[in-house]
Amino acid sequence: MPELPEVEVVRRGLDVWVSGRTIESAEVLHTRAVRRHEGVLSDQLKGRRVESADRRGKYLWLPLDDGAALMAHLGMSGQVLMVPKGTPDEKHLRVRVTFADDGPEMRFVDQRTFGHLMITQLTAAWGRTVPLPIAHIAPDPLEDAFDEDVFTAALKKRKTGIKRALLDQSLISGVGNIYADEALWRAKLHWARATETLTKPKISELLAAARAVMTEALGQGGTSFDSLYVNVNGESGYFDRSLNVYGRRDEPCPRCGTPIRRDAFMNRSSYSCPTCQPRPRNGRW
DNA sequence: CATCGACCCTGCGGGC
DNA sequence: TGCCCGCAGGGTCGAT
């Protein structure tokens with residue numbers, strides 16, 4: 001489950017459902033689901049108490065009472081579900097974490113196995129305490145540690161297209177393919193616009209658009225085209241109804257009526273309005 | 001160093 | 001009905 005709003009929906013669920021509980025066991029059903037790991041996951045988690053649920057960008061983690069943390073990245077299709085004990089296993093169940101009480105167990109379900117769990121130490125980075133492996137990830141635009149001037153300076157050094165930059169988690173985290181397209185549409189910027197040609201006010205406008213669209217999506221429980229993207233209780237959000245361009249090829253632009261175009265981009269897609277977001281003369285892919 | 005394409009997987013829908 | 005292709009909210013890695 002992908003971008004910032006969807007991951008935040010999961011974090012909020014975990015904060016409610018696992019904070020303060022003590023882990024009883026962890027069962028790994030697929031080797032790819034746990035990365036960079038030495039030893040038995042269950043041995044390291046048994047008896048640990050979960051303090052809370054934190055997030056930066058698309059990464060979330062559960063700080064533990066021994067100072068380490070259980071980190072998760074959902075990849076393209078990962079889900080974290082809270083289900084009553086005894087519930088039949090999901091087809092793509094990868095890791096099961098049980099607790100020393102009668103409450104629900106936590107399950108990591110992931111069809112495509114691009115996501116993973118990891119036990120990691122915490123460290124200070126960009127004004128926060130975060131897992132060591134993601135110390136290089138920039139703050140996301142919804143956290144206090146995000147510094148617009150720092151982002152703007154870093155962006156101007158880049159020689160690439162604006163969408164590539166938005167998707168680079170070391171510049172700004174949490175933005176993925178959907179919200180990049182939606183933010184660019186709101187700011188009337190083409191995805192291939194060269195970063196070095198952007199003015200400070202335009203960058204500010206783009207950031208405001210990114211914040212707005214992700215905040216609105218969060219208010220609707222995130223974006224779900226199908227049952228792959230759900231909260232810890234398996235429920236879908238409904239922000240997909242509010243998308244202006246993403247996935248709307250040939251549909252009229254909500255602003256000017258021009259049919260939305262779809263371009264191939266990094267083995268994926270970019271959606272934009274040909275009128276509101278004209279292709280730049282010296283764009284960068 | 002910075003940038004970019006290939007690759008990692010499973011499943012689904014569309015065209016033939 | 002199949003089969004094949006393209007496509008899907010992700011990051012990592014090696015080649016340049």
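Bear in mind the structure is a predicted one, so any value in this text is a computation, not a measurement. Chain letters run A, B, ... following the sequence lines, proteins first and then strands; every chain starts at 1.
Annotation: the span from A:R107 atom CZ to A:E27 atom CD amounts to 9.5 Å, rounded to 0.5 Å.
In plain terms, the two heavy atoms of A:S269 and A:D181 that are nearest each other are O-OD2, 4.1 Å.
For A:H92 and B:dT10, the NE2 to P distance is 9 Å, given to the nearest whole Å. Between the P atom of C:dA8 and the CD atom of A:E3 lies a distance of 13 Å, rounded to the nearest Å. We find that CG of A:L29 is positioned 15 Å from P of B:dT10, with the value rounded to whole Å. Summarising the geometry, the separation between CE on A:M266 and P on C:dC7 is reported as 15 Å, rounded to the nearest angstrom. Distance A:D168 CG to C:dC13 P: 15 Å, rounded to the nearest Å. The interatomic distance linking A:Q169 (CD) with C:dT12 (C1') rounds to 13 Å, in whole Å. Atom P of nucleotide B:dT10 and atom CG of A:L93 are separated by 16 Å, given to the nearest angstrom. For the pair A:Y229 OH and B:dT10 P, the computed distance is 16 Å after rounding to whole Å.
Across all strands, A:F239 comes closer than 4.0 Å to no nucleic acid atom at all (heavy-atom distances). The residue A:S224 sits close to a base: some heavy atom pair falls under 4.0 Å. Within 4.0 Å of A:Y179, counting heavy atoms only, lies no atom of the nucleic acid at all.
When the nearest nucleotides of DNA chain B are assigned to A:R284 and A:R32 by heavy-atom distance, the more 5′-ward of the two goes with A:R284.
Residue A:T113 has no polar side-chain atom (N or O) positioned under 4.0 Å from OP1 or OP2 of B:dC8. Here A:R158 does not reach the OP1 or OP2 of B:dA2: none of its side-chain N or O atoms lies under 4.0 Å away. Within the structure, a side-chain polar atom (N or O) of A:R262 is placed less than 4.0 Å from OP1 or OP2 of C:dC7. For B:dC9, the OP1/OP2 oxygens have no side-chain nitrogen or oxygen of A:Q111 closer than 4.0 Å. OP1 or OP2 of C:dG11 lies within a sub-4.0 Å distance of a side-chain N or O belonging to A:K58. Contact check, A:R164 against B:dG5: a side-chain N or O comes under 4.0 Å of OP1 or OP2. A close approach under 4.0 Å does not occur between any side-chain nitrogen or oxygen of A:K91 and OP1 or OP2 of B:dT10.
Checked against C:dG11, B:dC4, B:dA6, the side chain of A:T160 finds its nearest nucleotide in B:dC4. Each of B:dG11, C:dA8, B:dT3 was ranked by its minimum atom distance to the side chain of A:M76; first place goes to C:dA8.
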Report the C-alpha separation of A:R261 and A:S272 in whole Å, then their side-chain angles, then the decisive distance to 0.1 Å, and conclude whether the side chain to side chain donor-acceptor pair (under 3.5 Å) test is met.
-> CA-CA 6 Å; A:R261 78 183 146 201; A:S272 59; 2.8 Å; yes

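Evaluation of A:F114 against the base of B:dC9 yields no stacking contact (centre distance < 5.5 Å, interplanar angle < 30° required).
The base of C:dA8 sits with one of its N or O atoms less than 3.5 Å from a complementary donor or acceptor on the side chain of A:R112.
Of the P atoms belonging to B:dC9 and C:dC3, the separation is 23 Å, rounded to the nearest Å.
The nucleotide B:dC9 finds no pairing partner, because no Watson-Crick or G-U wobble arrangement with both distances shorter than 3.5 Å includes it.
For the pair A:R21 and A:F99, the cation-pi criterion (under 6.0 Å, within 45° of the ring axis) is fulfilled.
Between A:H73 and A:H116, the angle of the ring planes stays under 30°, which puts this pair in the parallel group of the 30/60° scheme.
Enclosure of atom CG in A:N282 is not indicated, since only 12 or fewer non-hydrogen atoms of other residues, nucleotides or ligands lie within 6.0 angstrom.
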